[in-house]
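Written below as structure tokens is the structure these notes are about.
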Amino acid sequence: MPMCGIVGYAGTRPALGIVLDGLRRLEYRGYDSAGVAIVDGAELVACKRAGKLTNLEKAVADLAAGGADLAAGAVDRAGGGDRAGGGDRAGGGLATGTTGIGHTRWATHGGPTDRNAHPHRSADGRVAVIHNGIIENFAALQAELEAAGVELASETDSECAAHLLAAELAALEEGAPDQAIAVSGVPSSGAALAEAMRRVCRRLAGAFTLLAVDTAAPGVVVGARRDSPLVVGRGEGENYLASDVAAFIAHTREAVELGQDQVVTITADRIQVTDFAGNPTTGREYHVDWDASAAEKGGYDYFMLKEIAEQPRAVADTLRGRFTEAGGIALDEVRLTGQDLRNVDKIFIVACGTAYHSGLVAKYAIEHWTRIPCEVELASEFRYRDPVLDRSTLVVAISQSGETMDTLMALRHAREQKARVLAICNTNGSTIPRESDAVLYTHAGPEIAVASTKAFLTQLVACYLVGLHLAQVRGVKFADEVAAVVAQLEAMPGKVAAVLETMEPVRALGRELAAARSVLFVGRHVGYPVALEGALKLKELAYMHAEGFAAGELKHGPIALIEEGTPVVCVVPSPAGRGVLHDKLGSNLQEVRARGARTIVIAEEGDDAVVPYADHLVRVPATPTLLAPLLTAVPLQVLACEIAVARGHDVDQPRNLAKSVTVE
Ligand code: F6R
């Protein structure tokens, strides 16, 4: 299944708590069902539940407390055969096993039911598998399995991997002693499970991360990845596998990045990596530079509130270390030479959702500073449009997660056409930076809430840095001009903090607007993408109709939407920038107000011209025009969050969404 959270543990401590804790930290990746499988000796106990993780936790607690009767209700026995294993020891095995896997799901293939939740068991019950991604040839594989007499227990594409693994294991065992040894009490090395996994992976089409456990190899978890995330956590006397480091950061900060088409075997004291053909290989070892507290709510009701509050630091961290003493830009991670950058004659920015909005802002800055044409395109459109690209095109791929499939496919397409790709990314070790020519990391820290906030601000910062770097390298800006913008950027964390301190009236307004039917957002120039972003936040969090418009477009149609009392949020440009822009937006404000709109005006301190047209006025500190989105986006995040909370929604996990969108 796509966009899911995956955890694996092999060690000496009881696995259940560790796996559940990991799932809790990954729940943002998908949250419509969850499950675990724990291996205890030759026993494998699986438990899975539709709904949020709390449903699974309750089922597991009942099981551990209740023994056989409860076990029958909570343990997966779907699809014929006793796939539960464990019988009346089911609860005990769950609590004591030291090897386990867990999954939190975002459904596409088969609804979010108990049966479709992961893990999936092989018909003989010995293997349990969890999957993230889509197995594109699953129909053919299912037909093959059914022809061989296997009864499928779910409607998922994932289940076939469990049956295929069991079949490969059976075939291997005919000639191999490895599994037989395990049955006689000596733990298996897991060699057969790893080999079976490689054989299965070679048959699968599509994108997948798979983790498997086998009753014949207690103490072993085998994982595999293609186009879907999987990282290894290296502990002391224990090792981890997970979709991202947040799952194991409370236990270890040492991680191993896996490459494409690799299979990994973990035990308590061993991490072994091969390619799909079985050739040994190694992953890149790295140290995670944030700790467990960064992935906790830290006293806030929601991660989103914490992440909004963290924005001054996220902006400061993303700026840190990027400047020379002379006030220029030094981007060490950008492994493109000065000559590469001087050759660039066209820039494409590709991204999705909020990251796309940061790209739209970047266009204004990059074209203004560098005079290089810059197009911004939704990654999903770019990929299938046949864009004109060549060696002198720079493609900038922006992604918080580094795993968004649409963006990944766009960058692969660009590289096939010989364009150079620079990734702007927040996740070390993720696929998008790994497949790019160069990377500029944002340092937002982990973003857990599904709606992007601090990642957006840091993406803006990274885009400004890229624009200035290009201008400097190409000599289109004098050193003192670059230094002046650098000084402005360095003032931004303080200004973001100042905006956050004045948000109480915005929260009160949010509560008032909770009953509105629809909210419109308008802006001009860099305020236009901010309006789009404000509308996106409101849609995804409050499930309200919201739209962002270029203010100048209103009169070409959308103004017909305005009724008496319709809230219209106006992002007003600085009067100190291009005065004409400010004045034009002032006219647009009057136009909507004359038609009954209730205007919520985001304007710079000291801009008194807008006062007569503002039903609600939100002030932000004076800032150069191009950098203003770092401030004007913030009240819109707060507004959307507050409206959503007032409407009774879980702002961290909005319906139908997942944090990391690993399907096209
Ligand atoms: C909206 C949001 C999404 C993401 C988009 C791209 O709040 O978070 O629109 O911005 O799915 O995700 P990344 O940046 O991980 O590629």
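Remember, it's 1-based here, ligands and their atoms both numbered in the order they're listed.
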Enumerate the atoms of ligand 1 whose separation from the nearest heavy atom of [X] is less than 4.0 angstrom.
| X | result |
| --- | --- |
| Val450 | 8 (O) |
| Ala355 | 10 (O), 14 (O) |
| Ser399 | 13 (P), 14 (O), 15 (O), 16 (O) |
| Lys537 | 1 (C), 7 (O) |

Ring centres under 6.0 Å, that's the criterion: do Phe456 and His357 meet it?
no
State, without any angle test, whether Thr354 and Glu533 hold a side-chain donor-acceptor pair at a distance under 3.5 Å.
yes
Are a donor atom and an acceptor atom from the side chains of Glu447 and Ser452 found within less than 3.5 Å of each other?
yes
Could you check [atom] against the protein and tell me its nearest heavy-atom contact, residue, atom and distance included?
| atom | result |
| --- | --- |
| atom 2 (C) of ligand 1 | Thr354 OG1, 3.7 Å |
| atom 12 (O) of ligand 1 | Thr404 OG1, 3.5 Å |
| atom 6 (C) of ligand 1 | Cys352 O, 3.4 Å |
| atom 14 (O) of ligand 1 | Gln400 N, 2.6 Å |
| atom 15 (O) of ligand 1 | Ser401 OG, 2.6 Å |
| atom 11 (O) of ligand 1 | Val661 CG2, 4.1 Å |
| atom 7 (O) of ligand 1 | Glu540 OE2, 2.5 Å |

Under 3.5 Å, side chain of Thr252 to main-chain N/O of Glu254, donor-acceptor pair present?
yes
Taking the six-membered ring for Trp, are His118 and His131 parallel (under 30°), tilted (30 to 60°) or perpendicular (over 60°)?
parallel
List in chain and number order the residues that pass ring-ring contact (aromatic ring centres under 6.0 Å, His included) with Phe248, two or more places apart in sequence or in another chain; answer none if no residue qualifies.
Tyr240
Looking at Tyr543, I'd like to know if the NZ or CZ of Arg647 sits under 6.0 Å from its six-membered ring centre while staying within 45 degrees of the ring's axis.
no
For Thr407, which residues count as a side-chain hydrogen bond (donor to acceptor under 3.5 Å, both in side chains) partner, sequence neighbours excluded?
none
Structural part of Glu403 in contact with ligand 1, heavy atom criterion under 4.0 angstrom
neither
